[in-house]
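Written below as structure tokens is the structure these notes are about.
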Amino acid sequence: MTERSPAPGGLALVEALVNTLDIESGADSLDTAEGRARLGITRDEVADARALRESLRAVLLAHAGHPPHREVTPLGELLAGAPLLVAVDRRDGSATLAPADEGPLLSRIAAAVAEALVAGTWTRLKACEAEDCLWAYYDRSPAGRGRWCSMQVCGARAKMRRYRAKG
């Protein structure tokens, strides 16, 4: 949906998960072996990945100032099942939050969210306000007020709808 470059750091994983579903066409890459492999999940983990994806989408909509797209399990409830550890580098003493178990998607997402919170980038990951899109994107605008994943597609459509509504 977007020509934007991927989100920084671990947020790229969050963005990739949310963008596994093309709302407009209904195509879900989690239905394919290749799509699941990109996220390191099995067919048995798809239902949990979908629940996580939609909870993340609701939070990303909130980051952009929009209501949830539908009723979902709160993200905090899902992430509570993925304990994080404080990992301290022996060489320089730096510390990071890391998943207690690197394998599960939930643990990797929890670590990515924690990393983004520390970096101050979490609220820059948003979902497009276009109801037929809802694609995740990283808002690099100076003021952090981006509304669409693509100004050329979703932004242009929204502006054209407003223009026609005035006429």
Side-chain angles (χ1 to χ4, degrees), residues 1-2 4 6-32 35-87 95-141 143-150 154 158:
M1 288 283 175
T2 182
R4 294 176 184 257
L11 286 180
L13 174 62
V14 176
E15 181 180 46
L17 174 59
V18 173
N19 291 345
T20 57
L21 177 63
D22 182 331
I23 301 284
E24 192 170 25
S25 72
D28 187 342
S29 67
L30 296 180
D31 289 335
T32 69
R36 292 186 299 273
R38 277 195 295 267
L39 293 171
I41 64 170
T42 66
R43 184 184 305 271
D44 294 339
E45 297 169 306
V46 169
D48 289 340
R50 284 186 173 131
L52 180 57
R53 174 182 69 197
E54 298 312 315
S55 290
L56 285 163
R57 189 183 316 279
V59 169
L60 302 186
L61 282 164
H63 287 173
H66 307 299
H69 59 304
R70 63 182 174 103
E71 189 75 27
V72 297
T73 302
L75 183 59
E77 287 181 25
L78 293 176
L79 294 181
L84 298 176
L85 302 174
V86 177
T96 59
L97 288 171
D101 182 355
E102 288 283 337
L105 179 61
L106 181 63
S107 296
R108 291 180 282 135
I109 293 289
V113 170
E115 173 192 320
L117 283 170
V118 171
T121 57
W122 174 234
T123 58
R124 288 277 182 151
L125 190 61
K126 300 178 179 181
C128 182
E129 80 171 36
E131 291 179 10
D132 59 349
C133 180
L134 304 179
W135 205 251
Y137 68 94
Y138 188 77
D139 184 359
R140 288 182 169 82
S141 67
R145 292 188 178 168
R147 299 172 61 185
W148 302 286
C149 65
S150 169
C154 293

Worksheet item: To the nearest 0.5 Å, how far apart are CG in Asp132 and CG in Asp22?
Response: 9.5 Å

Response to the item:
Taken in chain and number order and not counting sequence neighbours, the residues that satisfy salt bridge (charged side-chain N to carboxylate O under 4.0 Å, His left out) with Arg38 are Glu34

Worksheet item: Going from CG on Leu52 to CG on Leu75, what distance comes out if it is rounded to the nearest 0.5 angstrom?
Response: 6.5 Å

Fill in: Any side-chain heavy-atom pair of Trp135 and Val18 under 4.5 Å
no

Discussion item. Show the nearest heavy-atom pair for residues Ala95 and Val86, with the distance to one decimal.
Written reply: CB-CG1, 4.1 Å

Worksheet item: Do the non-hydrogen side-chain atoms of Arg50 and Asp28 ever get within less than 4.5 Å of each other?
Response: yes

Item to complete: Could you check if a side-chain atom of Val118 sits within less than 4.5 angstrom of a side-chain atom of Glu115, using non-hydrogen atoms only?
Response: no

Worksheet entry | Leu79 and Leu106, any side-chain heavy atoms less than 4.5 Å apart | yes

Worksheet item: Looking at CG of Leu30 and CG of Leu21, how far apart are the two atoms once the value is rounded to the nearest 0.5 Å?
Response: 8.5 Å

Practice prompt. Please report the shortest heavy-atom distance between Leu17 and Ala49, naming the atom on each side.
Written response: CD1-O, 4.0 Å

Discussion item. If you compare all heavy atoms of Cys133 against all heavy atoms of Ile23, which two are closest, and at what distance to 0.1 Å?
Written reply: O-CG1, 3.0 Å

Practice prompt. Starting at OH of Tyr137, measure out to CD of Glu15 and round the result to the nearest 0.5 Å.
Written response: 11.0 Å

Worksheet item: Under 3.5 Å, side chain of His63 to main-chain N/O of Leu125, donor-acceptor pair present?
Response: yes

Worksheet, complete the sentence: When every non-hydrogen atom of Pro99 is compared with those of Leu84, the smallest separation belongs to CA-CD2, 3.7 Å

Worksheet item: What pair of heavy atoms forms the shortest contact from Tyr138 to Arg124, and how long is it?
Response: CE1-CB, 3.3 Å

Worksheet item: Can you tell me if Glu131 and His69 form a side-chain donor-acceptor pair at under 3.5 Å?
Response: no

Worksheet item: Say you draw a straight line from CG of Leu56 to CG of Leu13; how long is it, rounded to the nearest 0.5 Å?
Response: 9.0 Å

Discussion item. Could you go through Ser141 and Asp139, starting from their C-alpha distance and side-chain angles, then the distance that decides it, and tell me whether this counts as side-chain hydrogen bond (donor to acceptor under 3.5 Å, both in side chains)?
Written reply: CA-CA 6 Å; Ser141 67; Asp139 184 359; 2.6 Å; yes

Response to the item:
Scanning both residues in full, the closest heavy-atom pair of Ala82 with Ala110 reads CB-CB, 3.8 Å

Worksheet item: Less than 4.5 Å apart, any side-chain heavy atom of Leu105 and any of Glu45?
Response: no

Worksheet entry | For Asp101, salt bridge (charged side-chain N to carboxylate O under 4.0 Å, His left out) partners two or more places apart | none

Worksheet item: Between the main-chain N or O of Ser29 and the side-chain N or O of Thr20, is there a donor-acceptor pair closer than 3.5 Å?
Response: no

Discussion item. Would you compute the distance between atom CG of Leu78 and atom CZ of Arg53 and round it to the nearest 0.5 angstrom?
Written reply: 13.0 Å

